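No experiment lies behind these values; they were computed from the predicted model shown.
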Amino acid sequence: MLVKMDRFVSPVDMAGIVNLVFDSFRTVYSPEEGEGEGSEADQPIDYKQDYSVIWDTIKTHRNVDLNKDDISWIEFQHMLHGVLLEGLGSLCKVLEFRSYEKPPEGKNAAKIMEQKQHMYRVKMKALYRIRKTEDQQRVELGNTLHSIVDFLKNKKSR
């Protein structure tokens, strides 16, 4: 797979890069409360295991051959993100299978499903919120730091 930033990225480095793509998706497929660290839900995709599925999905739905086409990291990231959002391809099926949960049973089943759907929507809202610009973040951080310094000066002078 040829992916460039400023230079060629080897397949070994690619494993780390692909994991970066899925950091944003881990919120969606993250473990529920009570599941331990390192569980399978922590890692919805494994680069070595899923390379053929990633390749097939991008080839089929974006007409890009990751083994032959020389694309930038940004292009790859956007293609993969778009395919996942659209729910296209074998990669989405794999994620669907891995994230399957048995539906709840009993009197409160409908309520439990409604709560799970609500929590999913809340995660999606957080994942796709409009983020503040870097300048806005710096201004807010500066204001916060000034507030802390002022607070500490007032404490000290008392």
Side-chain angles (χ1 to χ4, degrees), residues 1-106 108-141:
M1 178 157 131
L2 299 175
V3 176
K4 283 192 326 185
M5 287 195 242
D6 290 330
R7 60 179 180 83
F8 175 75
V9 178
S10 73
V12 175
D13 294 337
M14 200 60 214
I17 291 172
V18 170
N19 284 330
L20 290 174
V21 170
F22 295 107
D23 281 345
S24 61
F25 296 104
R26 283 196 176 103
T27 17
V28 180
Y29 300 101
S30 63
E32 297 296 321
E33 286 183 34
E35 288 188 34
E37 288 287 321
S39 69
E40 289 181 17
D42 286 337
Q43 183 82 22
I45 293 176
D46 178 83
Y47 168 71
K48 289 177 184 174
Q49 181 178 333
D50 296 329
Y51 176 75
S52 63
V53 179
I54 295 168
W55 177 87
D56 175 65
T57 300
I58 298 294
K59 176 71 173 157
T60 303
H61 297 284
R62 295 298 186 258
N63 202 26
V64 173
D65 187 339
L66 297 175
N67 292 327
K68 296 178 183 173
D69 296 337
D70 191 15
I71 63 171
S72 72
W73 162 241
I74 298 297
E75 289 172 311
F76 171 73
Q77 183 181 16
H78 289 307
M79 278 190 272
L80 193 56
H81 194 127
V83 167
L84 289 171
L85 277 177
E86 293 168 16
L88 300 173
S90 49
L91 180 58
C92 291
K93 277 290 185 199
V94 168
L95 290 175
E96 182 182 323
F97 296 146
R98 288 181 185 161
S99 63
Y100 172 78
E101 292 180 19
K102 181 181 176 187
E105 297 174 1
N108 297 329
K111 190 173 186 172
I112 292 169
M113 283 302 292
E114 186 178 320
Q115 287 173 339
K116 285 187 177 207
Q117 288 175 350
H118 171 71
M119 293 309 298
Y120 173 79
R121 297 280 182 191
V122 167
K123 285 181 181 181
M124 293 298 96
K125 183 178 179 179
L127 184 62
Y128 291 105
R129 74 186 185 280
I130 295 176
R131 289 170 176 78
K132 295 177 182 175
T133 66
E134 216 173 288
D135 290 338
Q136 289 172 325
Q137 291 176 3
R138 282 189 190 122
V139 168
E140 287 182 8
L141 178 61

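- Checked against salt bridge (Lys or Arg N to Asp or Glu O under 4.0 Å), Lys102 has the following partners two or more places apart in sequence or in another chain: Glu105.
- Around CD of Glu114, the count of heavy atoms belonging to other residues, nucleotides or ligands within 6.0 Å does not exceed 12.
- Residues satisfying the salt bridge (Lys or Arg N to Asp or Glu O under 4.0 Å) criterion with Lys93, sequence neighbours excluded, are Glu96.
- Listed here is the closest heavy atom pair of Leu88 and Glu86: CD1-OE1, 2.7 Å.
- Residues meeting the salt bridge (Lys or Arg N to Asp or Glu O under 4.0 Å) test with Lys132, sequence neighbours left out: Glu140.
- Within a 6.0 Å sphere centred on CZ of Arg121, other residues, nucleotides and ligands contribute 12 heavy atoms or fewer.
- Of the candidates Gln77, His78, Met79, Glu75 forms a side-chain contact (heavy atoms from CB on, under 4.5 Å) with just one, namely Met79.
- Lys111 places a side-chain heavy atom less than 4.5 Å from the side chain of Gln115.
- Between Ala109 and Pro104, the shortest heavy-atom distance links the atoms CB-O, 3.4 Å.
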**Request:** Applying salt bridge (Lys or Arg N to Asp or Glu O under 4.0 Å), run through Lys59 and Asp56 and close with a yes or a no.
**Result:** CA-CA 5 Å; Lys59 176 71 173 157; Asp56 175 65; over 6 Å; no
**Asked** Please walk me through it: do Arg138 and Glu134 pass side-chain contact (heavy atoms from CB on, under 4.5 Å)?
**Response** CA-CA 6 Å; Arg138 282 189 190 122; Glu134 216 173 288; 2.6 Å; yes
**Request:** Step by step, work out the side-chain contact (heavy atoms from CB on, under 4.5 Å) result for Asp69 and Arg62.
**Result:** CA-CA 12 Å; Asp69 296 337; Arg62 295 298 186 258; over 6 Å; no
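- Summarising the geometry, atom NE2 belonging to His118 is positioned 9.0 Å from atom NZ belonging to Lys125; distances are rounded to the nearest 0.5 Å.
- The one candidate from Leu85, Leu91, Thr57 that meets the side-chain contact (heavy atoms from CB on, under 4.5 Å) condition with Leu80 is Leu91.
- Summarising the geometry of Ile54 relative to Leu66, their closest heavy-atom pair is CG2-CD1, 4.2 Å, with the distance given to 0.1 Å.
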